[in-house]
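Report on the structure given below.
Residue numbers start from 1 in every chain, and the chains themselves are labelled A, B, ... in the order their sequence lines are given, proteins ahead of strands.
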There are 2 protein chains.
Amino acid sequence: MYKSLFDHIQKFVPLEPSDINILESCLELSKIKRKDHVLQEGQVCNTMYFIVKGCMRQYIINSKGTEQTLQFGIENWWITDYLSFLNHIPSHFYIQAVENTEVIAIDKPLMDSILVQIPALEKYFKIVAQKAFGAAQMRIKFLFTMSAEERYHHFNNLNPNFTQRVPQYMLASYLDFSAEFMSKIRAGKV
Amino acid sequence: MYKSLFDHIQKFVPLEPSDINILESCLELSKIKRKDHVLQEGQVCNTMYFIVKGCMRQYIINSKGTEQTLQFGIENWWITDYLSFLNHIPSHFYIQAVENTEVIAIDKPLMDSILVQIPALEKYFKIVAQKAFGAAQMRIKFLFTMSAEERYHHFNNLNPNFTQRVPQYMLASYLDFSAEFMSKIRAGKV
DNA sequence: TAAAAATCTTGAACTACTTCAAGAAATTAA
DNA sequence: TTAATTTCTTGAAGTAGTTCAAGATTTTTA
């Protein structure tokens, strides 16, 4: 039932059968409907979400009232606001399901208890965070060095199937240009 | 001698006296001269650096031949290319000392050995990476939502003393605008 | 301390994007 | 299956920045 999470963990650290028993006894799968939020700006983010199936995004609303997506998460990704989660401070972000999504949601007390029972998971979450930070650095590099059109084609090359899963305006904001400009890029009018 | 690192670790996890002994026996302080590189694009990054004193930066050279700073690191920061370090793949980045800098450099074999001897440090490095990722998310938010002038003033407010430590053109590229535009912002000509 | 190197400034011309507005198309809900 | 909602497209006008070039200033090195 939680196979995708166990597989993901075991890419990075080994799990004993007893560890798996512990996890099976305390995890649960939850469903989030498309467009529902699990975090709103101003709330303290108390939960980490592992996406089993579906797609979520982290976004902000800018001063013009437009949504800008900072991060997408799909199968086998963790999504949370780490700063809010770690420091118990209000979040700057919204986190929302883009598709009907199944997640394993782990709130802070449960996470603390799991990490005490299975210390090997500290290493797992270390690696997850280090990879996420590395990816964020690459993302900033691409934002700095590529034109809007290059970012669009580069993203499509890296994620050929993903583009169809989200509305174009969400992807446009993730790549830091306007939805209208995305339209023109796709039409070859630029 | 390694007090600043021990203090930093103990902000997040407790250390036994025996842990400190282990660390003292295997760490060493090294000095990096201003402008010297510890990583060049294309090399595999095999080392993590804890900055005891001074300032370093991670940067790229874009297609026009201009340097663009992705990250600064100052006292009590870790700096490395995590993706290259984790996956043993060539780095996209340069890492260079901006000032004469003292670091504790830990290469991968040593890091592995330290983490086996002091498993509590897995949690420490997990928290370090989670905070770094959280900060990167905030950085992307600011890049997305603020004008060049707002980014400059915001950065100065958050880091009032830092601005004097680096050449303006490095800070301009970190904030994602040109050195010339920075000049105009500072002169109030915009 | 002088020379060399690095950094900063300025204005003019340019451009990669944004904004706005309104209609068309596609998707979702009743 | 129709209505409602969401998403996408298009062109025209505007603008926040870049680029270039050259000189001025500051910092570093010898």
Side-chain angles (χ1 to χ4, degrees), chain A residues 32-37 54-55 57 59 61-69 72 96-101 142-156 162-190, chain B residues 32-37 54-55 57 59 61-69 72 96-101 142-156 162-190:
Chain A
I32 307 165
K33 281 223 188 75
R34 194 169 83 92
K35 295 195 183 170
D36 277 0
H37 288 84
C55 178
R57 66 166 179 150
Y59 71 96
I61 298 182
N62 68 21
S63 53
K64 281 160 207 132
T66 310
E67 297 172 0
Q68 295 194 262
T69 298
F72 288 109
Q96 180 194 44
V98 179
E99 304 171 347
N100 290 327
T101 299
F142 296 137
L143 287 170
F144 275 17
T145 56
M146 292 180 175
S147 69
E149 195 174 2
E150 287 168 340
R151 294 199 296 278
Y152 174 72
H153 291 305
H154 178 260
F155 185 90
N156 271 343
F162 181 75
T163 307
Q164 288 92 53
R165 288 176 69 172
V166 299
Q168 277 177 42
Y169 72 89
M170 283 187 197
L171 183 54
S173 75
Y174 177 79
L175 295 173
D176 200 22
F177 46 75
S178 67
E180 293 92 336
F181 198 66
M182 167 83 102
S183 233
K184 286 162 194 172
I185 290 172
R186 285 165 45 95
K189 298 196 175 167
V190 44
Chain B
I32 307 165
K33 281 221 188 78
R34 195 168 81 92
K35 293 195 185 172
D36 278 1
H37 288 85
C55 177
R57 66 167 178 148
Y59 71 96
I61 297 181
N62 68 20
S63 54
K64 282 161 207 133
T66 310
E67 297 172 1
Q68 295 194 263
T69 299
F72 289 108
Q96 180 194 45
V98 180
E99 304 171 346
N100 291 327
T101 298
F142 296 137
L143 287 170
F144 276 16
T145 56
M146 292 180 176
S147 70
E149 194 174 3
E150 286 168 341
R151 295 199 295 278
Y152 174 71
H153 292 306
H154 179 259
F155 185 90
N156 271 344
F162 181 76
T163 308
Q164 288 93 54
R165 288 176 71 171
V166 299
Q168 277 177 42
Y169 72 87
M170 283 188 197
L171 183 54
S173 75
Y174 177 79
L175 296 173
D176 200 24
F177 47 76
S178 68
E180 293 91 337
F181 197 66
M182 168 82 105
S183 234
K184 286 162 195 171
I185 290 172
R186 285 163 46 94
K189 298 196 175 167
V190 44

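Listed for the B/Q96 side chain is no donor-acceptor partner under 3.5 Å among the backbone atoms of B/H37.
From A/M170, atom CE reaches atom OG1 of A/T69 across 6.0 Å, with rounding to the nearest 0.5 Å. Interatomic distance, NZ of A/K64 versus OG1 of B/T145, reported as 9.5 Å (0.5 Å rounding). Rounded to the nearest 0.5 angstrom, B/R151 CZ and B/L175 CG are separated by 6.5 Å. A distance of 12.5 Å separates NZ of B/K33 from OG1 of B/T101, quoted to the nearest 0.5 Å.
At whole-Å resolution of the value, CZ in A/F177 and C1' in D/dA16 are 18 Å apart. Between the P atom of D/dA16 and the CZ atom of B/R151 lies a distance of 13 Å, rounded to the nearest Å. We find that CD of B/E149 is positioned 15 Å from C1' of D/dT15, with the value rounded to whole Å. Between B/D176 atom CG and D/dT18 atom P the separation is 7 Å, expressed in whole Å. Atom CG of B/N100 is separated from atom P of D/dT28 by 10 Å (rounded to the nearest Å). Remark: C1' of D/dT18 and CD of B/Q68 are 12 Å apart, rounded to the nearest angstrom. Going from atom CD of B/Q164 over to atom C1' of D/dT26 covers 15 Å, rounded to whole Å. The separation between B/L143 atom CG and D/dA16 atom C1' is 15 Å, rounded to whole Å.
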Side-chain donor-acceptor pairs of residues 176-190 of chain B under 3.5 Å, sequence neighbours excluded:
{"from": "B/S178", "atom 1": "OG", "to": "B/F181", "atom 2": "N", "distance (Å)": "3.1"}
{"from": "B/R186", "atom 1": "NE", "to": "B/Q168", "atom 2": "OE1", "distance (Å)": "3.1"}

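Judged by closest nucleotide on DNA chain C, B/K35 is the one of B/K35 and A/S178 placed further toward the 5' end.
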Could you list all N or O pairs between the protein and nucleotides 25-30 of chain C that sit under 3.5 Å apart?
none

Between protein and nucleic acid, restricted to nucleotides 8-14 of chain C and to nitrogen or oxygen atoms under 3.5 Å apart, what atom pairs and distances do you find?
{"from": "C/dC8", "atom 1": "OP1", "to": "B/Q168", "atom 2": "N", "distance (Å)": "2.9"}
{"from": "C/dC8", "atom 1": "OP2", "to": "B/Q168", "atom 2": "N", "distance (Å)": "2.9"}
{"from": "C/dC8", "atom 1": "OP2", "to": "B/Y169", "atom 2": "N", "distance (Å)": "3.2"}
{"from": "C/dT9", "atom 1": "OP2", "to": "B/Q168", "atom 2": "OE1", "distance (Å)": "3.1"}
{"from": "C/dT9", "atom 1": "OP2", "to": "B/S183", "atom 2": "OG", "distance (Å)": "2.5"}
{"from": "C/dT9", "atom 1": "O5'", "to": "B/S183", "atom 2": "OG", "distance (Å)": "3.0"}
{"from": "C/dT10", "atom 1": "OP1", "to": "B/K189", "atom 2": "NZ", "distance (Å)": "3.4"}
{"from": "C/dT10", "atom 1": "OP2", "to": "B/K189", "atom 2": "NZ", "distance (Å)": "3.4"}
{"from": "C/dT10", "atom 1": "O5'", "to": "B/K189", "atom 2": "NZ", "distance (Å)": "2.9"}
{"from": "C/dG11", "atom 1": "N7", "to": "B/K184", "atom 2": "NZ", "distance (Å)": "3.2"}
{"from": "C/dG11", "atom 1": "O6", "to": "B/K184", "atom 2": "NZ", "distance (Å)": "3.4"}
{"from": "C/dA12", "atom 1": "N6", "to": "B/K184", "atom 2": "NZ", "distance (Å)": "3.4"}

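Between B/Y174 and B/F155, the angle of the ring planes goes over 60°, which puts this pair in the perpendicular group of the 30/60° scheme.
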_From CA spacing to verdict: side chain to side chain contact (heavy atoms under 4.5 Å, CB included), A/Y169, A/T66_ = CA-CA 10 Å; A/Y169 72 89; A/T66 310; over 6 Å; no

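Looking at every heavy atom in both residues, B/A97 comes nearest to B/I32 through CB-CG2, 3.7 Å.
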